[in-house]
Structures are given as structure tokens and as C-alpha cells.
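Throughout, a chain's letter reflects where its sequence line sits, starting with A, and its residues are numbered from 1.
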Amino acid sequence: MTTFADLGLSPKVLSAVTDSGYTIPTPIQAGAIPPALARRDILGIAQTGTGKTASFVLPMLTLLEKGRARARMPRTLILEPTRELAAQVAENFEKYGKNHKLNVALLIGGVSFDEQDRKLERGADVLICTPGRLLDHCERGKLLMTGVEILVIDEADRMLDMGFIPDIERIAKLIPFTRQTLFFSATMPPEIQKLADRFLQNPERVEVSVRSSTATTVTQRLVATHSKDYEKRATLRDLIRAQEDLKNAIIFCNRKVDVADLFRSLDRHGFSVGALHGDMDQRSRTTMLANFKENKLTLLVASDVAARGLDIPDVSHVFNFDVPIHAEDYVHRIGRTGRAGRSGAAFTLVSKRDGKFVDAIEKLIDRKVEWLNGGLDALPPQAEGEEREQRSRSGRERGGRDRDRSRGRKGEARVTETRPAPGIETSETEEKVEAVKAERKTEGRPQTPARSNPRAANHAAPRPANDDNRDRRNRYRRDDDDGPTPLGFGDEIPAFMLIAGKA
DNA sequence: AAAAAAC
């Protein structure tokens, strides 16, 4: 059997791999590392979770041992579609490059240029970038791409989805033709094949069989729910509470606003929860993800920014608060659980309007997904009159709240809006809520760098010593948030009441 | 019915 020692990696790299506890390479690693070390171009067709990252990090480390970086002339360049993936690759260089003295620069948006400039000035051996920030650096004239020996294009099909291909082509034009190119994609549609033909010279094609993302280790269920947001939130809470073996979970929403709303709701209901979407400032994104990985947060509400590629081992549950519009996103989302042969559970909330998206998913994964609770026909019917009443009432309260608080004076600390969730340190919770909510407000507007952002100061603002109005306001907000609250049950309403009460 | 990525 092939071991890492058979692949031709340098002793320094091999020792770091061994220290990490690995002896047997995955198929993509065994297939890609030897030709990469021989300076061949690689066309790698592999999903995330197949060990793809190490298949280019390890040979790059070995090849980089010869030679030295010069100021502003990076030696290698890795392109990633999201900031989190870029950061994850950088972590891999830290881990496997611990015996090297390499200068690794992470060039991503949303953070200050200063530190990135310093690293470039020192001479970077490895640049790990999202396309926009790299081009920005290039345009500022701080970067000479003529010394790049190895170019890695990761997640090419996703870059295509996201409209990054023109950027990638611009970047590739700046890099000498004599470079070595490592090109990875999970799928090979014709457009990607054309791109690969343009970028690669006589590549070694390494294809690993598609990891069956809907493997039997993941239990999948559809969960019927009414379609109003507060009804879906109630269904979700009941579902979460009903899980006996929930260690941690990612909850996916289709839209960023819904990520922010659901996060606030769960936080208010006392769940240990974080949020992750692309309009949050980078500092919050990084902290949220780190806290979730370290199990300081049990739940992570996320947009599809977290659906692909993120390596979070050991997620026990995935909940789809919304049915994904594109079926392939379903596969990526539930692929966050059941990793490395572990068991996992994936629940998808389905309301009447989601029918055709569920059909598309079942067609793609070529099987029916069972209903948890008997399907949409088994849902207790809604009482029309009550629904109308509730809608108008919550509308009034929402309006009142906006006038009272959300449009507070400029610069006024808004931290008092949040009740601390049990078991979470107060300031931390408030900071999280502020971060997720503040970013919602910036939607559609140009982003302000965190440094000069007046809102950033709010994160550190102390809570006023006594805030007598808080309780009253929370009572209103609760109704507004989750529909009518039956009187007399306090905070804990039995799940069946919330459903049966509407019948 | 969306998300992501530069400022």
C-alpha cells in the first residue's frame, strides 16, 4: 500500500505530515503529489473532503525548499473563491510547513492592507488570495507577478458560478507562461474544461470517484412546516430540542437577511448560536467560525458561504431552514455532516411552496428523502383569522420598535437591545448580535473598512448600568418575532401547543 | 426565491 513516504516528499514535509498523524494518502493525494513534484500541470477533479488541499500544499512545500522569495515577487499563488477557504488553506501551510521558514501571505478582502503589504514587502513564498483583493494589490502596483512559479486554481467550478472567471483570466495573464499550474474542480462542465484547456499544458488528470455525499452515514429527513418565518422558527426550535445526540449543527438559510433574523431569534431563545454570512465584517466572520470550530458555539446559522469546502470536522447535524434553490447546494450543505465516516443527520424544513425544489433535489441525489412527521398533508391546518390578526399585530409592534430604538441617534450604542442568552457571557452575545445586525444595515451600500467604521466602536461600548425598559421591550419583541405567545407558560411553551394552538 | 467577491 502506498504511504506518504513513497510519494517523493521532502523529509521536512514528511515529518510534519507524520506529526499530524497521517501515514496513508487519500486517492487524490496519491495521484496528484508525484506528478506535481515532477513539475507537471495537474487537472484534479475532486470534491472537498477528499484531501484535496494537502494534495497541492504538500508538493508546493517541497518544491519551495529550493530558492528564496524576493520583495514584492511572490513565488507561488493560490486562488480561492471565499475568504474562509483561503484562510483554511493558509492554516494548512502553517500545519505542514512548520519545519520551513516560509513567508505565507493571506490576501483577502475585508481586512486592512497594512499587514498584507508588510508581508509582500518581505517577499512572499506563498500568496493565498481571493481574486478581488489580489487584483486590488496588483493595481496598487505593490505586486510583481513575474516571479510566480506555481499557480493553483482551486474550486474552479465554484469560481465560475460566482462569476470570477474574468478575474482569474486577468490574473493568469500576469503570470509567466512557464509556470506550473494546478487546477482543481469538483465537476467538469464544458466551460470548465475549456478553461482548463487554456490554462494547462499537458496536464496529469487525476480524478477521484465522487465521494457519495448522501452516504448512508447521513440520515436525511424532510420536515413539514407552515411557511411563515415565525412558524418555521418554531418548527426549527422544536426540531433542535428533539435531537438527543446533537453535538453541534449548521443551520442554512438561503438569504443573508434570514441568517441575521434567525440568528437573533435563536439567540433570544437562549441557544448557543453564531452566524456567518458574506455581509458580516471579516472580524466577526473569523471569530464566529473559530468559536464554532472550538465548540464554544453549538449552532451556526449560515448562508451558502459555509456550504462548500469549509472543513469543520464532526458536525453532528445540518438543518436547512430553507430548501436550497439549486439542488447541488443541498449536496454541499449536507456534506458538512457525516464527515470522515462519522454519522450525521440532515433535516430540511419544507413548506408548501418548496415542492419543486425538493423534487429537483431528489432527482439529483436519485432517491426519495423520508418525511420526519408525515409530510405536508399531515400538517395541522392554519386558522386563517388568527393568522391575519397576528400579522397585523406584529406589524404594529415592529413599526413601534423601529421608531423607538433601531433609528437611535447616530453613534449611540445600541447594545442594550439584546437580552443575554443563558450560558453565554453577556458582552460576547451582544457583540455577536451587533455584528450580525449591523451588517444587515449595510446591505446594498459600499462596505466601510472596519478600521474607520463608527459602528465598530459599538462593539466595545459598555452596557448601561441599569436599563429598566429592557424587559418590557423584550416581551414585545418576542411576540413580534415568533407569533402569538399563549399566556401562562412563561418562556417554555410545549412544542405541541404552538402547533395545536393554531388549529 | 440567492450567495459570493475590492473599495
Just checking [X]: base, sugar-phosphate only, or nothing, at a heavy-atom cut-off of under 4.0 Å?
X       : value
R353(A) : base
D136(A) : base
R170(A) : nothing
D329(A) : base

Separation of [N] [atom2] from [X] [atom1] (nearest whole Å):
X       : N      : atom1 : atom2 : value
D279(A) : dA5(B) : CG    : C1'   : 11 Å
M159(A) : dA6(B) : CE    : P     : 11 Å
H332(A) : dA3(B) : NE2   : P     : 17 Å
L276(A) : dA3(B) : CG    : C1'   : 12 Å
L135(A) : dA5(B) : CG    : P     : 15 Å
L107(A) : dA5(B) : CG    : C1'   : 14 Å
M280(A) : dA3(B) : CE    : C1'   : 15 Å
L160(A) : dA5(B) : CG    : C1'   : 15 Å

### Task
Only counting residues at least two apart or in another chain, list the ones meeting ring pair (Phe, Tyr, Trp, His ring centres under 6.0 Å) with F164(A).
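Here no residue qualifies.
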### Query
Do the ring planes of F319(A) and F347(A) sit parallel (below 30°), tilted (30 to 60°) or perpendicular (above 60°)?
parallel
### Message
Taking only side-chain N and O atoms of S303(A), does any of them lie within less than 4.0 angstrom of OP1 or OP2 on dA4(B)?
### Response
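Result: yes.
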### Query
Counting just side-chain N and O atoms, does K356(A) come under 4.0 Å of either OP1 or OP2 of dA1(B)?
no
Among [options], which nucleotide has an atom closest to any side-chain atom of [X]?
X       : options                : result
T130(A) : dA5(B), dA3(B), dA1(B) : dA5(B)
R255(A) : dA1(B), dA6(B), dA5(B) : dA1(B)
E139(A) : dA6(B), dA1(B), dA4(B) : dA6(B)
R83(A)  : dA4(B), dA1(B), dA6(B) : dA6(B)
D354(A) : dA1(B), dA4(B), dA5(B) : dA1(B)

#### Entry: E115(A): partners by side-chain contact (heavy atoms from CB on, under 4.5 Å), with sequence neighbours left out
R118(A), K119(A)
### Query
In Å, rounded to the nearest 0.5 Å, how long is the span from NE2 of H277(A) to CG of D304(A)?
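One gets 13.0 Å once the value is rounded to the nearest 0.5 Å.
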### Message
Whether R336(A) engages the ring of F252(A) as a cation-pi pair (distance to the six-membered ring centre under 6.0 angstrom, angle to the ring normal within 45°) should be assessed.
### Response
no
### Task
Would you state whether a donor and an acceptor, one from the side chain of H277(A) and one from the base of dA3(B), lie under 3.5 Å apart?
no
